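So the structure is just underneath, and the comments pick up after that.
Computed from a prediction, not measured in an experiment: that's the story for all the values here. Residues take their numbers from the sequence shown, with the count starting at 1.
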Amino acid sequence: MARTYFFCAQDGDHVSYFTRKGTTTIRPKGSFPENIRGTGNLNLTLRKDGYAGESSKYSMYLRTKDGKYARQIVVAAYTGRVRIVRDA
């Protein structure tokens, strides 16, 4: 059974993301708006039951280019639940 992978990282001047099922890139894929910056990366491996415990990274910080706004994206390993934390 092919697993689903989600990857999001700072790529030059923008944050890009893509999803893969096995080795095939699927949607969603693209880039965040130009004024969004990322700190670190988010690299998830999701099983059909939502478990993300085999992932290497479970959170990522996103902020505006001017640093005025920031949020942390956190993914729970056992449920795959995504949570957005304010004032990261």
Side-chain angles (χ1 to χ4, degrees):
M1 173 179 26
R3 300 233 165 116
T4 301
Y5 305 93
F6 178 78
F7 183 76
C8 182
Q10 185 76 34
D11 181 20
D13 290 336
H14 59 278
V15 178
S16 61
Y17 58 91
F18 65 87
T19 308
R20 284 189 144 153
K21 186 158 194 148
T23 59
T24 305
T25 300
I26 59 175
R27 293 184 189 267
K29 64 179 182 176
S31 297
F32 283 23
E34 190 175 297
N35 67 329
I36 302 295
R37 298 289 182 258
T39 303
N41 62 40
L42 189 59
N43 188 2
L44 301 173
T45 303
L46 299 168
R47 293 188 331 199
K48 194 173 188 175
D49 62 3
Y51 181 74
E54 297 169 5
S55 301
S56 61
K57 186 79 173 168
Y58 298 95
S59 69
M60 178 179 191
Y61 291 96
L62 297 175
R63 60 179 168 27
T64 54
K65 189 175 181 179
D66 63 7
K68 188 174 181 181
Y69 300 99
R71 300 291 185 265
Q72 181 182 19
I73 312 301
V74 180
V75 180
Y78 291 101
T79 63
R81 178 179 171 251
V82 177
R83 187 169 47 103
I84 311 252
V85 180
R86 298 184 84 163
D87 302 317

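Proximity of Ser55 to Lys57: side-chain heavy atoms (C-beta onward) are nowhere separated by under 4.5 Å. Two residues are said to be in side-chain contact when any heavy atoms from C-beta on lie closer than 4.5 Å; Met60 and Gln72 fail this criterion.
Atom CZ in Arg20 sits 11.5 Å away from atom OG1 in Thr45 (nearest 0.5 Å). Here the OH atom belonging to Tyr5 is positioned 11.5 Å from the OG1 atom belonging to Thr24, to the nearest 0.5 angstrom. Note that CZ of Arg37 is 9.5 Å distant from NE2 of His14, once rounded to the nearest 0.5 Å. Atom CZ of Phe32 is separated from atom CD of Gln10 by 10.5 Å, given to the nearest 0.5 angstrom. To the nearest 0.5 Å, atom CD1 of residue Ile36 and atom OG1 of residue Thr64 are 6.5 Å apart.
Ion pairing of Asp49 with Arg47 is present here, as a side-chain N (NZ or NE/NH1/NH2) and a carboxylate O approach within less than 4.0 Å.
With sequence neighbours excluded, the residues satisfying side-chain contact (heavy atoms from CB on, under 4.5 Å) with Phe6 are Cys8, Tyr17, Thr19, Leu42, Leu44. By the side-chain hydrogen bond (donor to acceptor under 3.5 Å, both in side chains) test, Arg81 pairs with no residue at all, sequence neighbours left out.
Heavy atoms from other residues, nucleotides or ligands lying under 6.0 Å from CG of Asp13 number 12 at most.
Hydrophobic clustering of Ile, Leu, Val, Met, Phe, Trp and Tyr side chains at less than 4.5 Å, counting indirect connections, unites Ile84 with Leu62.
In this structure, Phe7 shares a hydrophobic cluster with Phe18, the cluster being traced through Ile, Leu, Val, Met, Phe, Trp and Tyr side chains under 4.5 angstrom apart.
A pairwise comparison of heavy atoms in Ala52 and Tyr58 identifies O-CE2, 3.0 Å as the closest pair.
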